[in-house]
Novice: 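Quick one: the structure is below, questions incoming.
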Amino acid sequence: QVQLVESGGGSVQAGGSLRVSCTASGNIRSLNYMGWYRQDLGKERELVARLTADGTTTYADSVKDRFTISGDVVKNTVYLQMNSLRPEDTAVYSCKAQLRSLRVLWGQGTQVTVSS
């Protein structure tokens with residue numbers, strides 16, 4: 001009954017931008033943190049960005065100064081603005097959230113493809 005719903009993925013050319021969103025639905029009061037991970041074919045999943053309930057942000061070195069995470073973790077919504085996209089950013093982007101009970105939720109993932 002508690003789910004993470006992602007949207008906003010797609011295909012763009014190098015240098016373009018995309019904005020993905022994640023919303024937690026169901027009987028939820030608030031979340032401790034929400035973040036984005038990505039995994040491309042043949043590679044391990046890696047943290048892209050994370051936003052905590054107190055507003056603290058964390059970014060992977062490969063995306064800092066290009067990506068921005070924002071939203072309201074308490075209200076169960078987070079966004080990832082991706083600018084200056086590169087082919088190496090191509091991956092399935094998945095939303096992750098921790099409930100106040102410490103239970104972890106994962107979204108189904110949304111494909112981001114960047115063409116050269």
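Note that the numbering runs from 1 along the sequence shown for the chain.
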Novice: Can you see which heavy atom on M34 is nearest to which on I69, and at what distance?
Specialist: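 Scanning both residues, the minimum pair turns out to be O-CD1, 4.0 Å.
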
Novice: What is the distance from atom OH of Y79 to atom CG of D72, rounded to the nearest 0.5 Å?
Specialist: 9.5 Å

Novice: Please find the pair of heavy atoms, one from T52 and one from V73, that lie closest to each other, and give the distance.
Specialist: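 For T52 versus V73, the nearest heavy atoms are O-CG2, 3.8 Å.
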
Novice: Side chains of Q111 and T113 only: does a donor on one sit below 3.5 Å from an acceptor on the other?
Specialist: yes

Novice: Is there a path of hydrophobic side-chain contacts, each under 4.5 Å between heavy atoms of I, L, V, M, F, W or Y residues, that connects L4 with Y33?
Specialist: no

Novice: Could you give the distance from OG1 (T23) to CD (Q3), rounded to the nearest 0.5 Å?
Specialist: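 Answer for the OG1-CD pair, T23 versus Q3, is 12.0 Å.
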
Novice: Could you report the tightest heavy-atom contact between L85 and L18, atom names first, then the distance?
Specialist: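 In terms of heavy atoms, the two residues are closest at CD1-N, 3.8 Å.
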
Novice: Decide yes or no for T68 and L80: does some side-chain heavy atom of the first lie under 4.5 Å from some side-chain heavy atom of the second?
Specialist: no

Novice: Test your reading of the model: is there a side-chain donor-acceptor pair from T90 to the backbone of V114, 3.5 Å cut-off?
Specialist: yes

Novice: For Y93 and V48: C-alpha separation, side-chain torsions, deciding distance, then whether side-chain contact (heavy atoms from CB on, under 4.5 Å) applies.
Specialist: CA-CA 9 Å; Y93 286 69; V48 178; 4.1 Å; yes

Novice: Should Q81 and F67 be marked as a side-chain contact (heavy atoms from CB on, under 4.5 Å) after you check the CA-CA gap, both sets of side-chain angles, and the distance that decides it?
Specialist: CA-CA 6 Å; Q81 178 67 43; F67 292 9; over 6 Å; no

Novice: For the atom pair CD (Q98) and CG (L31), what is the distance rounded to the nearest 0.5 Å?
Specialist: 9.0 Å

Novice: Inspect the surroundings of CG in D65 and state if more than 12 heavy atoms from other residues, nucleotides or ligands are less than 6.0 Å away.
Specialist: no

Novice: What heavy-atom pair brings G9 and V20 nearest, and what distance separates the two atoms?
Specialist: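 Between these two residues, the closest heavy atoms are N-CG1, 3.8 Å.
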
Novice: State, with a plain yes or no, whether a side-chain heavy atom of D89 is found less than 4.5 Å away from one of V112.
Specialist: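 No - every pair of side-chain heavy atoms lies 4.5 Å or more apart.
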
Novice: Can you see which heavy atom on G109 is nearest to which on S94, and at what distance?
Specialist: CA-OG, 3.6 Å

Novice: If you round to the nearest 0.5 Å, how far is CH2 of W36 from SG of C95?
Specialist: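 Those atoms lie 5.0 Å apart.
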
Novice: Atom CG in N32, atom CG in L99: separation rounded to 0.5 Å?
Specialist: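 It comes to 8.0 Å.
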
Novice: Testing V92, L47, V63 one by one against R38 for a side chain to side chain contact (heavy atoms under 4.5 Å, CB included), which residue passes?
Specialist: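 Exactly one candidate clears the test, V63.
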
Novice: Within the side chain of Q13, is there an N or O that forms a donor-acceptor pair under 3.5 Å with the backbone of S115?
Specialist: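 Answer holds: no.
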
Novice: Is the cationic atom of R45 (NZ for Lys, CZ for Arg) positioned less than 6.0 Å from the six-membered ring centroid of W106 and within 45 degrees of its normal?
Specialist: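 Ring-cation test returns yes.
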
Novice: Using atom types as modelled and distance alone, determine if a side-chain donor or acceptor of E6 lies under 3.5 Å from a backbone N or O of Q108.
Specialist: yes

Novice: For R50 and Y37, which I'm curious about, is there any donor-acceptor pair between the side chains at under 3.5 Å?
Specialist: yes

Novice: Can you tell me if S17 and N83 form a side-chain donor-acceptor pair at under 3.5 Å?
Specialist: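 Side-chain D/A pair, S17 to N83: present.
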
Novice: Atom CZ of R103 and atom CZ of R100: how far apart are they, to the nearest 0.5 Å?
Specialist: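 Taking CZ in R103 and CZ in R100, the distance rounds to 15.5 Å.
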
